[in-house]
Amino acid sequence: MTRGGARNRSGPPADEMSGRSARRGLDLSALPNEGYRGEVPRFPLSRRVVYRWEVEGKVRRQVADHEATDAAADREAELWEWAWRTPQAAAWARESWRWQTVAMWVRTFVICESSEATAADKGTVHRFADQIGLTPAGLKENGWKIAAAQIEPAEAGPAPVEVEQTATVRRLRA
């Protein structure tokens, strides 16, 4: 049986500012902080049918709930559109093999919003979010970094008022 070896998230996280990371060639790709502005691809998964239970006498059976199915499809479309406006979508656009995983995150997220969600669904949605870079850990794992926003210089306002510090405050300062 094999033991040890490199695993996802084993050991301390890589730091792009360290000399060791520089020697290993760690260079985080900057993603546009304003989000992706390109074309949103078609949702790659087939339509999910939502079922409900019906009871007739002592017989209990599941039947397709067309209204809930339409509502779930609408929510998936809305979330898919939102996901493709995030900065991470700029990287997904270059890597079409990720689209299926992004779609599974969308589908699982919609399931987690419903009353039929299980604990496993809620754990899975977080794992998908990591894989597609929607969490801070996922960004680092994928080697991505959201570019800093350009901050407009503030207009000159009134000058700050200097307050005399007491001896106690001055003593506590390092």
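For this chain, numbers begin at 1 and follow the sequence in order.
One distance of note links CE of Met104 with CZ of Phe109; it measures 14.5 Å at 0.5 Å rounding. Here the CD-CD distance, from Glu81 to Glu76, works out to 14.0 Å after rounding to the nearest 0.5 Å. Atom CZ of Arg98 is separated from atom CD1 of Ile132 by 9.0 Å, given to the nearest 0.5 angstrom. Atoms CG and CG, from Asn142 and Asp130 in turn, are 9.0 Å apart once rounded to the nearest 0.5 Å.
With sequence neighbours excluded, no residue forms a ring pair (Phe, Tyr, Trp, His ring centres under 6.0 Å) with Phe128.
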* To do: Given side-chain contact (heavy atoms from CB on, under 4.5 Å), test Val102 with Trp80 step by step and report yes or no.
  => CA-CA 8 Å; Val102 176; Trp80 178 254; 3.6 Å; yes
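By the neighbour-count criterion of 12 heavy atoms within 6.0 Å, atom CZ of Arg85 is densely surrounded, having more than that number from other residues, nucleotides or ligands.
Side-chain contact between Gln100 and Leu45: present, with at least one pair of heavy atoms (C-beta onward) separated by less than 4.5 Å. Contact check for Thr135 versus His126: side-chain heavy atoms found under the 4.5 Å cut-off. At a threshold of 4.5 Å between non-hydrogen side-chain atoms, the residues Gln88 and Tyr36 do not count as touching. Arg75 is listed as a side-chain neighbour of Leu79, based on a closest heavy-atom distance under 4.5 Å.
The ring of Trp84 has its center closer than 6.0 angstrom to the ring center of Trp99.
Not one N or O on the side chain of Thr108 forms a donor-acceptor pair closer than 3.5 Å with the backbone of Trp105.
Annotation for Thr69 and Val50: closest pair OG1-N, 2.9 Å, computed over non-hydrogen atoms. Across all non-hydrogen atoms, the minimal contact from Ala90 to Arg94 is O-NH1, 3.4 Å. For the pair Val110 and Ala72, the tightest heavy-atom approach, listed with the atom from each and the gap, is CG1-O, 4.2 Å. For Ala83 against Ala89, the heavy-atom pair with the smallest separation is O-CB, 3.7 Å. Considering all non-hydrogen atoms of both residues, Pro44 and Ala103 come closest at CG-CB, 3.6 Å. Contact detail for Glu116 and Asp121: the closest heavy-atom pair is O-OD2, 4.1 Å.
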Please tabulate, one pair per line, all N/O donor-acceptor pairs under 3.5 Å involving side-chain atoms of residues 57-67, not counting sequence neighbours.
from	atom 1	to	atom 2	distance (Å)
Arg61	NH2	Glu56	OE2	2.8
Asp65	OD1	Glu67	N	3.3
Asp65	OD1	Ala68	N	3.1

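Transitive grouping of hydrophobic side chains (ILVMFWY, heavy atoms separated by less than 4.5 Å) brings Leu139 and Val125 into a common cluster. Under the 4.5 Å side-chain contact rule for hydrophobic residues, Trp92 and Trp82 share a cluster.
Using a cut-off of 4.0 Å between Lys/Arg side-chain N and Asp/Glu carboxylate O, Lys122 and Glu113 are scored as not salt-bridged.
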